[in-house]
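Here is how names work: the chains are called A, B, and so on, in the same order as the sequence lines, proteins then strands, and each is numbered from 1.
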Protein chains: 2
Amino acid sequence: MNISEVARRTDLPPKTIRYYEEIGLIRPARDANGYRAFADSDVHKLAFLGRARALGFSIEDCRTLLALYEDDARASADVKRVAQDHLDRIEEKLAQLRSMRDTLTHLVHECAGDNRPDCPILQDLARD
Amino acid sequence: MNISEVARRTDLPPKTIRYYEEIGLIRPARDANGYRAFADSDVHKLAFLGRARALGFSIEDCRTLLALYEDDARASADVKRVAQDHLDRIEEKLAQLRSMRDTLTHLVHECAGDNRPDCPILQDLARD
DNA sequence: ATAGGGGTTCCAGTCACGGGAAGGTCAAGG
DNA sequence: CCTTGACCTTCCCGTGACTGGAACCCCTAT
């Protein structure tokens with residue numbers, strides 16, 4: 001299976017697939033002409049990676065998760081820890097973004113948005 | 001005023017201050033010895049930039065906001081548009097993160113987190 | 001023979017800095 | 001006067017996870 005077919009099936013750009021090989025997440029075989037020859041197992045791994053990335057896991061988390069997935073002797077506790085840590089980071093990020101949003105919402109609401117120069121947004125940014 | 005004093009007052013790292021000069025956000029004078037000589041106006045601008053960055057504005061947004069701040073003939077509508085666009089991006093990001101969080105929370109809750117290999121998190125990532 | 005649509009590698013750029021090296025400057029102490 | 005140590009300077013590399021583009025190879029159909 002060639003890369004564009006795999007891209008279609010996994011909904012990952014060819015560039016991303018090559019990158020994942022470069023950093024050792026997958027190791028597709030090669031045809032005599034040098035083209036990558038993807039097996040079903042490669043496609044499966046890429047789909048796994050795509051879903052993990054869609055959940056916001058870092059590449060290194062994905063590497064860990066994939067290793068756990070392929071380890072029959074894994075403990076689900078190890079998987080859960082990775083997921084829980086990631087979830088904690090997401091909650092932090094959410095809190096930070098909510099804080100920004102609340103401040104911005106307030107400022108935007110206060111601003112007349114007309115032709116005059118007076119602007120509470122700039123006043124806030126320039127406060128002493 | 002030397003850079004470390006400015007860093008202290010603005011709560012920005014010296015590296016960041018040098019970077020902001022490099023990309024043209026500020027233009028501090030220089031002493032005869034080559035040291036940057038910051039004026040109060042530079043400190044003021046840096047504080048402005050620090051607050052804008054803390055609200056998540058990109059560097060380019062900051063450049064725009066600073067230009068508007070220094071333009072007496074600005075229209076508050078221009079400021080408001082920058083802020084509203086940024087707010088829209090934040091709302092998008094929030095929705096995305098909430099979606100990730102909801103999925104992850106569910107999966108983490110389902111996972112036993114013990115010594116056994118069975119794991120709904122991996123099952124979900126590997127679903128066909 | 002050629003045209004096109006694959007594939008390949010490699011290099012550069014993104015964003016907003018941070019780390020660290022190599023070296024100049026300044027004030028204080030011996 | 002010399003040294004020490006804390007400043008300051010520039011310069012280059014690395015970050016994460018790709019994306020764009022150049023230059024080139026391969027395969028099939030006309």
- [ ] Select base, sugar-phosphate, or nothing to describe what B/Tyr20 touches, counting heavy atoms under 4.0 Å on all strands.
- [x] sugar-phosphate
TODO: Taking the side chain as every heavy atom from C-beta outward, state whether B/Ile17 and B/Ile26 have any atom pair closer than 4.5 Å.
DONE: yes
TODO: Would you indicate what A/Pro13 reaches in the nucleic acid, counting non-hydrogen atoms under 4.0 angstrom: base, sugar-phosphate, or nothing?
DONE: sugar-phosphate
Open item on the list: Can you measure A/Arg63 atom CZ to D/dA17 atom C1' for me and round it to whole angstrom units?
Closed with: 12 Å
Task: Of the listed nucleotides D/dC8, C/dA16, C/dT8, the one nearest the side chain of B/Asn2 - done: D/dC8
Task: Residue whose nearest DNA chain D nucleotide is more 5′ - A/Lys15 or A/Ser58 - done: A/Ser58
TODO: Look at the side chain of A/Asn33 and the backbone N and O of A/Tyr35, then say whether any donor-acceptor pair between them is shorter than 3.5 Å.
DONE: yes
Open item on the list: Using a strict threshold of under 4.0 Å (side-chain N to carboxylate O), is an ion pair present between B/Lys45 and B/Asp42?
Closed with: no
Open item on the list: Heavy atoms within less than 4.0 Å of DNA chain C: which residues of residues 22-55 of chain B have one? Give them sorted by number.
Closed with: B/Asn33, B/Tyr35, B/Arg53
Task: Separation of D/dC18 P from A/Tyr19 OH (nearest whole Å) - done: 7 Å
Open item on the list: Under 4.0 Å between a side-chain nitrogen and a carboxylate oxygen: does that hold for B/Arg8 and B/Glu5?
Closed with: yes
- [ ] Quick one: closest heavy-atom pair of B/Ile23 and B/Ile59, and the distance?
- [x] CD1-CG2, 3.5 Å
Task: B/Arg18 CZ to D/dT9 C1', straight-line distance once rounded to whole Å - done: 7 Å
Open item on the list: Strictly below 4.0 Å: does A/Thr16 bring a side-chain N or O up to OP1 or OP2 of D/dT19?
Closed with: yes
TODO: Please determine if A/Arg89 and A/Glu92 form a salt bridge, counting it only when a charged side-chain N lies under 4.0 Å from a carboxylate O.
DONE: yes
